[in-house]
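To start, the structure under review is shown below, and the notes come after it.
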Amino acid sequence: WVLQINTGTSWDGNSVDLRYVGAAANVPLHQGSDIYDLANTVEPGWTYNFSVPMIAPCTPGVYGEVWEVGQGGSILCQFYVYIEVR
């Protein structure tokens, strides 16, 4: 995924994490950790490339997960990832 800071302050690589929040229909897709540290600081207007291994279900349908960019107990933003299995 490519995330971009549109406004606000920078995302400090030492204190900002990407965190899994939940899955649509309670069907998680990602494999591995639910929390990932940023590899570097991201300034407003910059983009950050992020990927996690995922496994798609065998049953056709639309599946999704909610992730967030967080710092401590604060949520800086949330985003959704959807896939369609045919």
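Residue T9 holds its OG1 atom at 7.0 Å from CG of L76, rounded to the nearest 0.5 Å. Distance check, rounded to the nearest 0.5 Å: CD1 of I35 to CG of L18 gives 10.5 Å. Between F50 atom CZ and L3 atom CG the span is 7.5 Å, to the nearest 0.5 Å. One distance of note links CD of E68 with CD1 of I75; it measures 4.0 Å at 0.5 Å rounding. Between atom CG of residue N40 and atom OG of residue S10 there is a gap of 11.0 Å, rounded to the nearest 0.5 Å.
Under a hydrophobic-cluster definition in which Ile, Leu, Val, Met, Phe, Trp and Tyr are linked whenever side-chain heavy atoms come within less than 4.5 Å, directly or via other members, V52 and V66 are assigned to different clusters. By the rule that hydrophobic residues join a cluster once side-chain heavy atoms approach within less than 4.5 Å of another member, Y80 and Y63 end up as members of separate clusters. Following chains of ILVMFWY side-chain contacts shorter than 4.5 Å, one cannot reach V21 starting from I83, and the two form parts of different hydrophobic clusters.
D34 is not listed as a side-chain neighbour of R19, based on a closest heavy-atom distance of 4.5 Å or more. The side-chain heavy atoms of V69 and W11, taken from C-beta on, include a pair separated by under 4.5 Å. Using a 4.5 Å heavy-atom threshold, the side chains of P28 and Y20 count as touching.
Looking at every heavy atom in both residues, V85 comes nearest to A56 through CG2-CB, 4.0 Å. The heavy-atom pair separating P44 from I5 by the smallest distance is CA-CG2, 3.6 Å.
Classified by interplanar angle (parallel below 30°, tilted 30° to 60°, perpendicular above 60°), the ring pair Y36/W67 is tilted.
With hydrogens and angles ignored, the 3.5 Å screen pairs a side-chain donor or acceptor of E65 with a backbone N or O of L29. D12 contributes a side-chain N or O that, together with a main-chain N or O of N14, makes up a donor-acceptor pair within less than 3.5 Å. Side-chain atoms of T41 come within 3.5 Å of backbone N or O of G13 as a donor-acceptor pair.
Taking the six-membered ring wherever Trp is involved, the centroid distance between the rings of W1 and Y48 does not fall below 6.0 Å.
Using a 3.5 Å distance cut-off with no hydrogens or angles, the side chains of S15 and Q71 do pair a donor with an acceptor.
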